[in-house]
Every structure is written in structure tokens, then in C-alpha cells.
Amino acid sequence: MSDTKTSSVARTTRIDNNRTIYKFAGMAEDSNSVKAVEKELKDPGLSGDALVVNSKKKKAKAKGKAKPQHEGKEKTHRKMKTPKEESMDFEDSGDRSSQVNVKEEPEEDPDFVTKGNGKKRKRKVDNTDGPSSTSEASLPKKKKKKPAEEGQENSATVKKKFKGKKEKVIKEEGGRSVSTKKKKTKEEIETARALKIKKKEEEEKQRWRWWEEEKYEDGIKWRFLEHKGPYFPPEYQPLPDDIKFYYNGKPVKLSLPAEEVALFFAQMLDHEYTTKEVFRNNFFRDWRKEMTLEERQLIMDLNKCDFGELHAMHKQKVEARKNLNKEEKLVNKEANQKIVDEYGYCVLDHHRERIGNFKIEPPGLFRGRGDHPKQGMLKKRIQPEDVIINCSKDSRIPEPPAGHRWKEVRHDNTVTWLASWTENVQGSCKYVMLNANSKLKGEKDWEKYEVARKLKTCVDAIRAQYQEDLKSKQMGTRQRAVALYFIDKLALRAGNEKEEGETADTVGCCSLRVEHITLHDTLDGHKCVVEFDFLGKDCIRYYNKVPVIKRVFKNLKLFMENKQEGDDLFDRLNTQMLNKHLSSLMPGLTAKVFRTYNASITLQQQLKELGNMKDNVAEKLLSYNRANRAVAILCNHQRAPPKTFEQSMATLQSKIDSRKEQLDLAKKELKQAKKEAKGSSDNKLLIVVEKKKKAVQRCEEQLLKMEVQATDREENKQVALSTSKLNYLDPRISVAWCKNMEVPLEKIYNKTLRDKFAWAIDMTEHDFVF
DNA sequence: GACGCAACTTAGAATGCTATAT
DNA sequence: ATATAGCATTCTAAGTTGCGTC
């Protein structure tokens, strides 16, 4: 809501991004040719009795979900997040219709055509069956590794260690000559580099190249699994005697369980959560359950509770931890490392694999997103007696903490989890699973992208089909077609039904309700515009105005007939039906595959459009980020603008300004020098001219770099790039792009990402096409 | 076929760490 | 030398999907 302020720079680019997105995302519109429109006009449409009956029939939901949730126009109350910018607004939508031809592109993509069928086919045979294939052809080409090449990354850490040493030396030897120091540093840097390279090589050698192995038969996830069990958080430490809780102004010594929960609340006092009515009520109810009878009789009103001292103590502790000196921090770090070494790894089929979340979640107050009805409830401490262990029969069974036992030890190799427990707030299962760089996760990820690539081969047929289905006599089929149109065009999530009162009120495609869309016959000169406004996953607002094809528009009108706020838009459709239909069109196809597919294909297309080999690395990276951003906007990946955003933008701008002045000065000097050198053959003067020229050039380069950075940052203000990078973009597209553009991969993938996508980095050649 | 649960992926916020500016 | 911006990592909530059960 506060976003109208967005600067023109950001706005322009965003619109650009949208525009490009729609080039492909609107493909469904393509066939909205004159003919199609004419046909539609002739469409007898909704005269069928069945349809009318259907539309009136209330969905037989056991939970009776379709009750209006808000009287009148209270809609805005649910909007927890800043709206998606007006960028999704109109100017750009004009382009959508004008992009009609471009939208066909994937099929006619020069890449696919010019590369020749043979090659393309071969690639398909090679890769499309991906991780699930056991054929030799599917094995990635072996590559010589070049560990030295990537040697950069750890230098920082190693260097730092040596820096510490250096300082010591200087201190001890006081006035030693500068040259000695420098020499030493150089040597050290050399050693550091060597060390780093070695480490890297070591790491590479240790890496399990599972993608070169055969896949297990269906359903089997491992043959051998051994681990130490999860790590439990430390027991509660009682408050020191001088820290007191007050009720109604009088100090009250709480029982241990009540005190622990009180501290949970006190720790959060700076957070907005603790001011919310729902949070406070839930907390208070659960807190009282932990109290002794006397406590419960005394403490009747949360407003009379004074957590001030507990809060202050907590803040002090945080501060103290921050202010630890180097040695103390190192001690802590080593202690943590020890825990990781002991509990953070498991052995899976002869390989040591990192566990993703080996720590049991500590107790605390539940922090749901948005208006969660359960926010503030007590999340209880998990005991070993709550935990199920999963491992090999013939492995060393993990020992429960002293005096405890496990809830159960099982040996189920059709699942990937090592431990699980049931969480008390929502009653759902929590799992300990492997890290993203593990075989189990990586293989699945690879498979995901292969399914998305397979969709590419049949997406046209599927689109044609749902276009056709828009005219179906069956209401359910029509609804399915419209939903699919949204999912494909707008990358909406499937939208499962949710139990009312258990979670925040959020929706996806299939669970859209009539109040979430507004139909405009015309809006700002566009016809058939659908205005979306709803809260999606994590209560992130989705706001978008989209022109749709006429048939979709007409159907939407029909679906909304005789309905009121709170009623489902697609009352004859749910995600199961939708997915069942999809899987009949292509094995493995589900609603979310469209998100993966559209995200990846957008990236590939954007990279092709934006990239310019002549650009310098900074500009290339800006292009990459823009392509990435186009995807993030499509998928509605938002983030809260960084707290320091305005300020950091201002500092950057002032830097740019001062650099500009410098540049002006340098230019003047160059002019002057040229003047002086003119006619003269004095070598010295010529040299001066050259020098000045270089200075100007340098200035220009730096200025450009900063300006690029400023643009990038501005455009990124509330767009989260990481989510799509991590979950939606086929890494092979990025790897191939880096190879083609001669950009070091480290510039776009950090260490974690490189680790996660090791399979892609290893197998991708420059000619990879999604 | 509704329902609920199990298992797994996707998500943004919170926190931690490091490189860089001052 | 220290502060801090910004990236990386951790955390865990919130989705999707498939399956078994009645």
C-alpha cells in the first residue's frame, strides 16, 4: 500500500520485466486470434441446463467452508504484506496483447531450430529421462575437473587467519621494517592459496558423484543408513534470583515450567507479535496451563504481568554474546563445530552426507505468518520419547539421551527421513532430513527439472486442450480449464483447501473465492481484465490486473453468478481433480510443474534477450539478475524491503555523485593536457595525455559499475531472487550461461548453491538447452 | 469420493558472519 | 580498529502431492 512511491527507475524496469514475462506467460493468449474470438462469440456457451444447475449447486464440503469471512469491505485487514507493486499494473498489459507473436517463441526459438534436429533429439534422449534413467546414455559426460580454476573462494577465511598471525608478529617485533612485513604477507598469501586449492581439491575428491550411478528401483531410498539421532536443545536454565517477574506490581517466584514460558514471551517483547490480541490470548491460555494451581489462581490478567526484568536480562545476554572477544567467539564456534561434526552427518550407502536440520526445534511461542489463529501458542519441548528414529537395522542405532528412550526405532528405507516427531501446535509431522547437497535431495531436484523439461515438449498440446475445454458442456471441465489457464499464465500455486480456523486465510488457484477477483469489462483501455487481490502462501499478497481471453472472462462471469463473498470461485474443482487430469496428460505432471517450467523457460528466454557478449561482467550480471528478477516477479517472490534500504541507497548515490565530479575534473584535465600537447612533439606531454586518458577511463568504468549496482539494487528492493534461484530455475541454464558468457559461476552461485547444484555444474556443457 | 495423514518441497524472516568503509 | 552493510546460513512455517481408509 505504501508502494506508489517506488522510484521511476524501479518502476520502469519492473514493467519491462513484466512485459517480458508475459511474452511467454501469456502464450495461452496466442490463439486468441480474430478467429478464436469470432468462434467464441458464436459459442452457445452456457445455455446448457446442466451448467446452470451446477453453478448453483453448493459444493458439498464437509467443513462447510464457504461462509463469508468478512462483513462488508474488511478485505484489507487480511493484507499483511505490502502489495505487489503497481508494476503489475497496466501500462505493461498493453504489451501483453501486442506481444502476441512473441509468445509463440518457444516453439520457434531459433536455438531449437538452428541447432538441428539431430542434436536436439540427441540431447533429449540423453537428458530428458534424467535421474531416473539407468541407461548408459543418460550418464553425464565425464569431465576433467579443474579445481585450481575455482580456487578463489575460501581465500578470505584463510587469509584472515594469517592476518591474525601477522598482527601478532608486528606487535611483538615492533619496529621491524615494512619490507619484511610485506614479504611475509606475500608468502602467507601464497601458502594460503595453496592450502585453499588443496582443500578444494580434497572436497572435490570426496564428493559423491551420485549422478553417475544407477538409480535404485522404485521407492527404495537407501540401502544403509546410520546416524547419531537428532541433537536436543539444552535444558532450561532457571532465572538468577535477582531477576524477578512481577504480577500486579508484586514480585512472584514462578515455578520452573511457568517461568520458562514467561521467558519465551519476555524475549519477544520487542516484537510486534506481542501486541496482537490473538497472540496474547493464545499465549496466556497456554502459559496458564503450565502454571501451578496457585499461580493460575493468582495470575489472571496478562496486562498485569511485568516481564520487564526478564526482557532486560535477555537483551543483555544478546548484547553480551555480540560483544564477546575473538577468543571467546572462537571457543563458541569450535563448540558448535563439534556438535555439527557429531550430529550433523550420517552415513548413507557408504557415503557421509550432511544432514539438513539435525537439531530438534527448541520450545517457544508459535510464530505463524500473517493473521494466524494459533499465533502465540506454546510450542512444547520435544522429548526423546516423542521422537521416531529411522535407520538401518544393521547400523549402530542412535543412543537416546541418558535416562530416556525413543518413541520408536524403525527401519523404513522407502522414506528419506532420519527422525520425526509430531509438533503440538498444528499436529503435523516434523522431519530430520538430509541437506540439499545430498544425493537424496539432489536426485529429486534433478528429476523435478526433467519433468519440467518434459512439459516443454507437450505444453502446446496441453494449452490447446484447455483452450478447448473452456467451451466444455461440463462445468467442472470449464472450471478446470480456467484454473489451468491461470496456473499456466500467472504461475499461481495449486491452492489446496485448508481447514478454517487452523491456519491463516490464504488461497491458491483452486481455492480462490469470489471476493479475490474483480472483473472489468474494460479497464484503462483494455478489455476483459481480471483484477486479482488475495493472500497467497505465507500471507504474501498477490495483486495483479490481467487482461484475459474473452472465453476465460465469460466463464469467470458465469462462475461468479449467484455467488457471494466467501463462496469458492471454482466450486466444482479441487487440486486432486486438477492433478489427476494433469497426470493423465503427461506422467508426472502436476500443477506445480507449471511453475517450475514457466520459471525456467522465462530465465532462459530472458537471458537470451538481455545478454550481450560485449558487456563487461558487471553488466552481464545485471542482465542475469534482471532475468532472475523477471522470474521472481512472475512467481510473486517478495521480501520486506531491507531496513537499511533508503540509507544505503543514499550513500551509494552520494558516492556516484562524487565520482561524477571526479570524472568531470579528470575530463577537464585531459582536455587541458591535450591542448598543451597539441602540435608539440614533446614525449612527456604525450605521456601526460595518455595518463589522463586512462584516468578518465577508469573513472567512467567505476561510475558505470556503481550505476549498475544502484539500478540493480533499486529494482530488487522488494523482490526476493533467492527463492527462484534455489527452487525453480534449472541450474543447468545458469551454468551454461556462465560458460557462454565467460562469467565465473561464483558470481551468481554462492558456495551453498554450488554445492547443491554440483550435479548440474558437473554435467552441463555450454550448449545445454532447457 | 471425501478425508486425513505422511512425506516432501517451497518460503520469508531471523540470525550469523564477513568484507569493506570509515 | 571498529562499525556496519550485505550476503550466507539457519530456522521453521506453509505449501503440494499421493496414498490409504472408510
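No hydrogens, no waters, no symmetry mates; every other heavy atom, side chains included, goes into these values. All chains are named by letter (A, B, ...) in the order of the sequence lines, taking the proteins before the strands, and each is independently numbered beginning at 1.
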Determine the interplanar angle of the [X] and [Y] rings, folded into 0 to 90°, and report it as parallel if under 30°, tilted if 30 to 60°, perpendicular if over 60°.
X: A:W446; Y: A:W210; result: tilted
X: A:Y431; Y: A:W417; result: tilted
X: A:F757; Y: A:W759; result: perpendicular

Under 3.5 Å, which protein N or O atoms sit close to an N or O of nucleotides 11-15 of chain C? Give each pair with its distance.
| residue | atom | partner | partner atom | Å |
| --- | --- | --- | --- | --- |
| C:dA13 | OP1 | A:K379 | NZ | 3.2 |
| C:dA13 | OP2 | A:K430 | NZ | 2.5 |
| C:dA14 | OP1 | A:R369 | N | 2.7 |
| C:dA14 | OP2 | A:H372 | NE2 | 3.4 |
| C:dA14 | OP2 | A:Q426 | NE2 | 3.1 |
| C:dA14 | O4' | A:D538 | OD1 | 3.4 |
| C:dG15 | OP1 | A:T506 | OG1 | 2.8 |
| C:dG15 | OP1 | A:D538 | N | 3.2 |
| C:dG15 | OP2 | A:K498 | NZ | 2.9 |

Honestly, is A:K439 close enough over A:Y216, meaning NZ or CZ under 6.0 Å from the six-membered ring centre and within 45° of the axis?
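Yes, A:K439 sits over the ring of A:Y216.
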A:K221 side-chain N/O to B:dA7 phosphate OP1/OP2 under 4.0 Å
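No, A:K221 has no side-chain N/O under 4.0 Å of OP1/OP2 on B:dA7.
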Below the 4.0 Å mark, does B:dA7 have OP1 or OP2 next to a side-chain nitrogen or oxygen of A:S420?
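So the side chain of A:S420 is outside the cut-off, no N or O lying under 4.0 Å from OP1 or OP2 of B:dA7.
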Would you please name every residue forming a side chain to side chain contact (heavy atoms under 4.5 Å, CB included) with A:A436, sequence neighbours left out?
A:K756
On DNA chain B, compare the nucleotides closest to A:R595 and A:G427; which residue's is nearer the 5' end?
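Nearest-nucleotide comparison on DNA chain B picks A:G427.
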Tell me which of A:R410 and A:R321 sits closer to the 5' end of DNA chain B, going by the nucleotide each one is nearest to.
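Mapping each residue to its closest nucleotide by heavy atoms, the 5'-most match is A:R410.
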Comparing nearest nucleotides in DNA chain C, the 5'-proximal residue of the pair A:R354, A:K580 is A:R354
Considering all heavy atoms of both residues, which atom of A:R369 and which atom of A:C539 are nearest to each other, and what is their separation?
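In terms of heavy atoms, the two residues are closest at O-SG, 3.7 Å.
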